[in-house]
Amino acid sequence: LLAQLLSEPERQYIFDSVQDAVRIDGRQCLAYRQAALRLDLLCYATASAQVSLGETDVLVSVREEDNPGATAQQQGSTGSVAVQQQQAVSHPVSVWVDCSCLGSGPEQQQLADEAQAHLSSLYRCLRTPTPVFVDILLLGYDGNLLDAASIAASAALMRALPASLLSAQALPLFATVHRIGSQQIVDANQLEESCSMARVTVGVDSNGRLVACQTCGEGSL
Amino acid sequence: RNSQLPISDHVMPLDRYRNTALVDGIDVRALPLAGDSPAPASQGKQQQQQQQHWFQRRLVQDTVGSGYVEFGDTKVLCSVHGPMEPKRSVLTDAGAEQSRAQLQVYYKLAPFASHQAGRVSYLPDETERRAASFLQDTLAPSLRLDRLPKSRIELHCLVLEDAGCCLATAVNCACLALVDAGLEMYDLVTAATVCRPVGATDWQLEVGDGSNSGGSSSVTLAYMRSLRQVAGMLVEAAEPLQPREVSAACRICEDPCKMTHSSLRQFLLDCLPADDRTAKIA
């Protein structure tokens, strides 16, 4: 993670220019980088998606495990058994984040742990009849992992889950806002993230309602 | 004192006169508790206004500082170790990284701590790692880590009983332990949690009486009263929430945070006369 080798004058330069609403790559404060989404890359996954947000590259695979217990109950279902089955099988989405492409140091592991905790809380409201495993592979990192991973994971989940499940619950996305000095910026790259004091990560669904919200970073708001 | 002092203790002379003088003193101070016995669920609302904290410090002998907080039935114990040798890694040899102390927080539920989940595994799981990083992000803004360059501070947080409002109580306890350790801070960090069951409309202050069941949304706010700044906020939603509901919940959290701040401050001030009596003036 190269941003930790940033020198103090470079940090100050980034800080001062953000105060004047100028970012080092010329974007507006509230502008996202160019994002690309590719779907259906992996043949053994139920659904997969790859998102590249600038240099941040995230590959997500969604696998739905067949649950033999539930299938047998479905086949021999009378009224009472079907009701039991609906109450018994309701699985939360299981998320795993892998940062091994970046290296195996403690910073990478911490990034992965944090991303896993955030993304698990994002999909906390989503319940599926069969166990669903979301595996997130980080191929390149230039800041804003949570937003990119949530776009890819939500895209893959929308492909994988049946439409009946999705119409009731709209899939949420993350939006991360960093605070540098007195300015707020969106979609920070790695250098800007190392200069920010605190960030707020908000998970929002398509109706504009909050699904998760957390402040992070060693600064106060 | 003991044979387990870190080597850095001799290499770096530190301003720890308060701690070395008080190694033999145990000061126990209890605020009167209204509602000592577990309150039945029907009286939950009345007890909410009367729930107070029990603070105690210097419970653990071999540490630089420690704190113990009871809030209702929830009991949290924190101990502080350090400053000690920083953890070395390839990237932290840069000069800028060494100009502040590293704060490392470990958070663990005791195996017997949880009412609902049965026996908790002795390995930290996802929620505990998340709580540890929340504690770290909440306490770091208030600590003067730049006063202790090239060192590491470890904070171990052990939840002895989790009857609700566990994370907020851990923040309060960690703050007490850090003050007890004599580490400089900008302000006391206190926290409170409000929760709301799925489908309800009002946010209620979460108290440590086990009345909060698993399936409700909760908002935890960590607040620094004198600086009037938010040190941390965590929203766990069991259902999608409107943004104004979340901001309303944060406003409701402010008052309990302020009350906890004043009672913690008063407890620490009351401890001072006892400290002075046992202090040896060299």
Side-chain angles (χ1 to χ4, degrees), chain A residues 1-12 94-97 103 105-114 116-127 169-172 179 194 197-221, chain B residues 87 89-97 99-100 102-104 124-134 136-143 145 186-187 189 198 215 217 219-224 227-247 249-250:
Chain A
L1 296 178
L2 297 172
Q4 295 190 9
L5 298 176
L6 212 56
S7 67
E8 207 43 50
E10 285 175 315
R11 243 181 252 270
Q12 195 61 39
S94 164
V95 176
W96 172 251
V97 178
E107 293 90 5
Q108 288 84 349
Q109 189 55 45
Q110 194 183 351
L111 192 69
D113 284 344
E114 210 181 290
Q116 184 183 357
H118 276 94
L119 286 157
S120 303
S121 74
L122 184 68
Y123 297 118
R124 212 169 151 237
C125 302
L126 190 64
R127 297 266 140 178
Q169 315 169 38
L171 285 181
R179 185 178 176 127
S194 65
M197 284 174 28
R199 70 164 203 257
V200 177
T201 302
V202 175
V204 184
D205 69 2
S206 59
N207 299 325
R209 293 177 299 177
L210 283 180
V211 173
C213 174
Q214 187 172 355
T215 60
C216 302
E218 297 182 1
S220 50
L221 298 167
Chain B
K87 270 191 178 165
S89 92
V90 175
L91 290 173
T92 56
D93 278 340
E97 280 303 311
S99 62
R100 311 178 78 213
Q102 301 165 3
L103 175 67
Q104 188 71 37
D125 68 357
E126 197 183 280
T127 34
E128 288 163 344
R129 283 202 298 267
R130 194 176 186 206
S133 65
F134 179 75
Q136 189 166 342
D137 288 336
T138 305
L139 296 165
S142 146
L143 274 174
L145 297 171
Y186 285 110
D187 191 9
V189 184
V198 175
S217 312
V219 174
T220 304
L221 186 78
Y223 189 62
M224 294 191 286
L227 299 178
R228 285 194 218 140
Q229 286 180 356
V230 168
M233 175 177 73
L234 181 63
V235 174
E236 286 183 353
E239 53 171 353
L241 304 167
Q242 296 289 344
R244 61 165 189 274
E245 294 171 338
V246 175
S247 51
C250 289

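For clarity, every value in this text was computed on a predicted model and none was experimentally measured. In what follows, every chain begins at residue 1, and chains take the letters A, B, ... in the order their sequences are listed.
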Closest approach of Thr215(A) to Met233(B) (non-hydrogen atoms, all atoms of both residues):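 Smallest interatomic distance, heavy atoms only, reads OG1-N, 2.7 Å.
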Residues forming a side chain to side chain contact (heavy atoms under 4.5 Å, CB included) with Val204(A), sequence neighbours excluded: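 Expected list: Val202(A), Leu210(A).
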Best-contacting candidate, Ala140(B), Pro240(B), Pro243(B), against chain A by heavy atom pairs under 4.5 angstrom: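 Highest number of heavy-atom pairs under 4.5 Å: Pro240(B).
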Test item: Ser121(A) and Arg130(B) side chains (from C-beta on) under 4.5 Å apart, heavy atoms: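 Answer yes - side chains close enough.
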Contacts of type salt bridge (Lys or Arg N to Asp or Glu O under 4.0 Å), residue Glu239(B), not counting sequence neighbours: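 Per chain and number, Glu239(B) pairs via salt bridge (Lys or Arg N to Asp or Glu O under 4.0 Å) with Arg196(B).
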Greater than 12 external heavy atoms within 6.0 Å of Glu126(B)'s CD: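 Counting other residues, nucleotides and ligands, CD of Glu126(B) exceeds 12 neighbours.
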